[in-house]
Amino acid sequence: MTSHDNVLEEAALWLAEGRQVALATVIETWGSAPRPVGSQLAIRDDATFVGSVSGGCIEGDVVTRALETLDTGKTELLEYGVSDAMAWEVGLACGGRIRVMVEPVKG
Amino acid sequence: MDAALLNQLVRARAEKRPVALATRLMDGIQKLVYPSDKSEENWLIKAIHEVLSSDKGAVVSAPDGAEWFLNPFNPPLRLILVGAVHIAQPLAEIAALTGYDVTVVDPRTSFASADRFPGMTLVTDWPDEAMAALAPDARTAIVTLTHDPKLDDPALQAALGSPAFYVGALGSKKTHAARVARLTEAGFGESDIARIHGPVGLAIGAKSPAEIAISIMAEITETLRT
């Protein structure tokens, strides 16, 4: 039985298979945040991902933004807050605010 | 992140070495910092020790005002199960799923067999020797499951002499009272003995081995996190 905490190991395996990989990491949280600081998501070039940075609320957007870093080669800092009335906007339903770092893994 | 740095971090995790990844937020510059690193600046080493001991990442300011994110990677928490009995089977699996490094100790090789515990680390030494070799630390939980004082008691005595964050002992209130009497006789004080969770596990009315395993894992988690 394996633990669900093998995000970096999975990222390293993908790289070894010749895939492109990006990482997303929760670096700060305020209020009620679904996942603690340090939580990570590894994203493969075909948008397959493992791990989590929220309870599923913002992963979709984080995956898109992380894939963009594969083209730009640049680390980016993202911030997500309460989604309130704008239901279609990406946000955290739980009312917290989090800061996420997305970065490409450079071979 | 450079692929080489990622591979280094994955290797440190495989070798169970505590390490932290430091990222300068303004430009994404990164390095791995080990707590024993002599060549690093003092403020960084101090901050690395803090994130590793709290096991919580943090954004900190360097003396030059730059923001750094420090992400600690501690070796997995450990769970030592004494007694390769029926309850130990689901408990070992649930603990592994929760991220624990599980070791099952039982000198009875008919119990501690790879067929019964596929993929788990098994130790068939006598519990006092096994515990001395395993050297439980503050990131270790210990649960005795044999009901047999010859096996449970030496393990519990070693557990109480260690900084283990959780010590649990399977057994009814009556069994536990007898155990407390034996440990008192052996010279353990009230505050030592009070560290033992017995009867073990949260009271959720568990009946089957898997349900009892859930109640024990829940209590270990509660002790760790609250």
Side-chain angles (χ1 to χ4, degrees), chain A residues 1-30 33 35-45 50-53 65-66 68-70 72-79 97-107, chain B residues 1-14 19-30 32 51-52 54-60 67-79 89-102 117-120 213 217 225:
Chain A
M1 187 95 24
T2 57
S3 113
H4 289 281
D5 186 24
N6 294 317
V7 173
L8 295 173
E9 284 71 16
E10 191 68 38
L13 279 180
W14 287 341
L15 277 180
E17 289 165 3
R19 307 298 295 253
Q20 282 190 291
V21 180
L23 291 174
T25 309
V26 177
I27 64 168
E28 280 184 289
T29 67
W30 295 267
R35 296 282 287 123
V37 168
S39 302
Q40 291 188 304
L41 188 66
I43 305 102
R44 199 168 68 180
D45 47 29
V50 292
S52 63
V53 289
R65 304 291 293 272
E68 284 167 14
T69 69
L70 293 179
T72 64
K74 282 208 181 96
T75 297
E76 301 284 348
L77 299 176
L78 313 174
E79 214 175 299
R97 199 152 60 85
I98 67 172
R99 208 169 165 209
V100 177
M101 174 172 77
V102 288
E103 56 183 323
V105 182
K106 298 174 195 166
Chain B
M1 182 189 290
D2 283 327
L5 197 67
L6 174 66
N7 286 326
Q8 232 179 302
L9 178 51
V10 167
R11 209 172 319 127
R13 277 161 61 87
V19 67
L21 177 66
T23 308
R24 191 161 69 183
L25 292 180
M26 64 174 161
D27 52 13
I29 281 180
Q30 285 175 319
L32 285 181
V51 293
L52 281 168
S54 67
D55 204 27
K56 284 191 186 114
V59 174
V60 300
E67 274 192 319
W68 287 77
F69 172 60
L70 308 179
N71 204 9
F73 293 90
N74 274 305
L77 293 157
R78 288 192 293 162
L79 174 63
Q89 293 175 299
L91 183 51
E93 287 195 45
I94 291 170
L97 197 61
T98 312
Y100 285 73
D101 224 345
V102 182
F117 294 89
M120 297 291 167
M217 203 61 232
R225 299 294 183 195

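All figures in this text were calculated on a predicted structure; none of them were measured in a lab. Each chain gets a letter, A, B and so on, in the order its sequence line appears, and its residues count up from 1.
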(request) Any chance you could measure B/Met1, atom CE, to A/Thr75, atom OG1, to the nearest 0.5 Å? (result) 9.0 Å

(message) Return the CH2 to CD1 distance between B/Trp68 and A/Ile27, rounded to the nearest 0.5 Å.
(response) 13.0 Å

(message) So for A/Val26, is it side chain, backbone, both, or neither that comes closer than 4.5 Å to the heavy atoms of chain B?
(response) backbone

(message) Please classify the contact of B/Asn7 with chain A as side chain, backbone, both or neither, using a heavy-atom distance under 4.5 Å.
(response) side chain

(request) Please flag which part of B/Leu25 lies under 4.5 Å from any non-hydrogen atom of chain A: side chain, backbone, both or neither. (result) both

(message) Looking at every heavy atom in both B/Ala3 and A/Gly107, which two are closest together, and how far apart are they?
(response) CB-CA, 3.8 Å

(request) Taking all heavy atoms of B/Asn71 and all of A/Gly38, pick out the closest pair and write down the distance. (result) OD1-CA, 3.3 Å

(request) Can you tell which part of A/Gln40 gets under 4.5 Å to a heavy atom of chain B, answering side chain, backbone, both or neither? (result) side chain

(request) Against chain B, label A/Ala11 side chain, backbone, both or neither, depending on which of its atoms sit under 4.5 Å from a heavy atom there. (result) both

(request) Measure B/Ala92 against the heavy atoms of chain A and call it side chain, backbone, both or neither at under 4.5 Å. (result) neither

(request) Please state whether the side chain, the backbone, both or neither of A/Leu15 comes within less than 4.5 Å of a heavy atom of chain B. (result) side chain

(message) If we define contacts as heavy-atom pairs under 4.5 Å, which of A/Arg99, A/Glu76, A/Lys74 has the most with chain B?
(response) A/Arg99

(request) Please round to the nearest 0.5 Å and tell me the distance separating atom CZ of B/Arg13 and atom CD of A/Glu9. (result) 4.0 Å

(message) Using heavy-atom distances under 4.5 Å, tell me whether A/Leu8 contacts chain B through its side chain, its backbone, both, or neither.
(response) both

(message) Please determine whether salt bridge (Lys or Arg N to Asp or Glu O under 4.0 Å) holds for the pair B/Lys56 and A/Glu28, giving the CA-CA distance in whole Å, both sets of side-chain angles, and the decisive distance to 0.1 Å.
(response) CA-CA 11 Å; B/Lys56 284 191 186 114; A/Glu28 280 184 289; over 6 Å; no

